[in-house]
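Here's the structure, in structure tokens; my notes come after.
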Amino acid sequence: MFPQNIFLNYRTEEIAQMLLGHYLCRETDQGLVSGIIVETEAYLSKNDEACHASRGKTKRNAAMFGPAGRAYIYFIYGSCHCFNVVTGPEGKGEAVLIRAVEPVKGLAIMRELRKRAVRAEELVNGPGKLCQAFSIDRSLDGHNLSEKPLYLKENRAICDQMKVIATPRIGISKAEDKQLRFIVRGSKYLSRRESV
DNA sequence: GTTAAGATCTGCT
DNA sequence: GCAGATCTTAACG
């Protein structure tokens with residue numbers, strides 16, 4: 001599946017970059033859906049007011065303080081789920097938000113789940129859209145991402161070829177200056193265009 | 001029990 | 001490009 005030792009040996013901002021280019025797979029009731037991760041954001045526990053964990057552990061963000069390699073999923077703005085990969089040592093409270101993927105398998109299923117016949121570029125180019133297309137909700141909060149039905153899959157070949165650039169994070173009102181958003185340069189499947 | 005704010009999306013201008 | 005929808009969570013009384 002995906003090398004678990006990465007989560008133990010690297011910092012959250014490094015893992016956010018390393019996840020780019022790998023597969024995110026989801027086995028839905030309708031069939032397999034998968035995509036290549038092209039956009040992530042790192043949320044740190046220290047000196048990061050934008051992180052949910054910055055105000056301590058609560059019922060909602062409990063999964064964020066759990067073991068690395070698990071999922072942290074929350075609901076926001078009344079209609080959107082956001083999917084994170086928990087990182088850092090247990091009890092620290094750090095995670096990587098998966099913001100966008102490049103669709104690979106199950107395009108028809110994604111369109112069905114999104115209930116919208118949109119172009120492939122707009123199918124999963126945002127955290128809320130991704131959770132809709134991958135049928136991700138709070139029932140998967142805390143799920144181990146090395147197990148079905150939701151898991152990460154290694155894709156070493158592509159990772160060596162792509163260029164990664166860092167930009168400010170999106171949609172937050174605090175710590176906006178930090179360069180903790182990582183995107184695959186030139187990808188057509190980002191939630192926003194490249195901004196240096 | 002009540003209220004304010006939020007890691008967004010969609011539709012309309 | 002921008003404003004509004006919408007509802008869960010957490011903080012406060």
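Protein chains get the first letters and strands the later ones, always in sequence-line order, with residue 1 at the start of each. Only heavy atoms go into these numbers, but all of them, side chains included; no hydrogens, no water, no symmetry mates.
Between B/dA7, B/dT8, B/dC9, one nucleotide has an atom nearer to the side chain of A/Tyr72 than all others, and that is B/dA7. Looking at the side chain of A/Cys80, the nearest of the listed nucleotides B/dG11, B/dA7, B/dC9 is B/dC9. The A/Phe75 side chain lies nearest to C/dT8 when the options are C/dT8, B/dC9, C/dT9. Here the nucleotide nearest the side chain of A/Cys82, chosen from C/dT9, B/dT8, B/dC9, is B/dT8. Checked against C/dT9, B/dA7, B/dG6, the side chain of A/Met64 finds its nearest nucleotide in B/dA7. Considering only the side chain of A/Ile76, B/dA7 comes nearest among B/dA7, C/dT9, C/dA10. In this structure, of B/dT10, B/dG6, B/dA7, it is B/dG6 that holds the atom nearest to the side chain of A/Ser173. Across B/dT10, C/dA10, B/dG6, the shortest atom-to-atom separation from the side chain of A/Thr58 is found for C/dA10.
Surrounding CG of A/Asn47 are at most 12 heavy atoms belonging to other residues, nucleotides or ligands under 6.0 Å away. By the 6.0 Å contact criterion, OH on A/Tyr10 is open, its count of non-hydrogen atoms from other residues, nucleotides or ligands being 12 or less. Applying the 6.0 Å contact sphere to CG of A/Asp177 captures more than 12 heavy atoms from other residues, nucleotides or ligands.
Centre separation under 5.5 Å together with a plane angle under 30° does not hold for the ring of A/Tyr74 and the six-membered base ring of B/dA7, so they are not marked as stacked.
By the 30° and 60° cut-offs, the orientation of the rings of A/His52 relative to A/Tyr72 is perpendicular.
Backbone-only contact: A/Arg99 has heavy atoms under 4.0 Å from sugar-phosphate atoms and none from a base. Residue contacts for A/Arg116: at a heavy-atom cut-off of 4.0 Å it reaches the sugar-phosphate backbone alone, with no base atom in range.
Computed from coordinates, the A/Glu39 CD to B/dT8 C1' distance equals 13 Å when rounded to whole Å. One interatomic measurement links the two molecules: CZ of A/Arg114 to P of B/dT8, which rounds to 15 Å at whole-angstrom precision. Following rounding to the nearest Å, A/Asn61 (CG) and B/dG6 (C1') show an atom-to-atom distance of 14 Å. If you measure from atom NZ of A/Lys57 to atom P of C/dA10, you get 13 Å, rounded to the nearest angstrom. Rounded to an integer number of Å, the gap from A/Lys129 NZ to B/dT8 P is 12 Å. Here B/dG6 presents its P atom at 13 Å from OH of A/Tyr43, a figure rounded to the nearest Å. Counting to the nearest Å, the P atom of B/dT8 and the CZ atom of A/Arg181 are 11 Å from each other. Between the C1' atom of B/dA5 and the CD atom of A/Glu49 lies a distance of 15 Å, rounded to the nearest Å.
A salt bridge does not link A/Glu41 to A/Arg169: none of the charged nitrogens lies less than 4.0 Å from a carboxylate oxygen.
By the rule that hydrophobic residues join a cluster once side-chain heavy atoms approach within less than 4.5 Å of another member, A/Leu97 and A/Leu19 end up as members of separate clusters.
Take the nearest nucleotide of DNA chain C for A/Arg60 and for A/Tyr77: the residue whose nucleotide is more 5' is A/Tyr77. Each of A/Gly78 and A/Gln132 has a nearest nucleotide on DNA chain B; the 5'-most of these lies closest to A/Gly78.
When both distances must be under 3.5 Å, the Watson-Crick or G-U wobble mate of B/dA4 is C/dT9.
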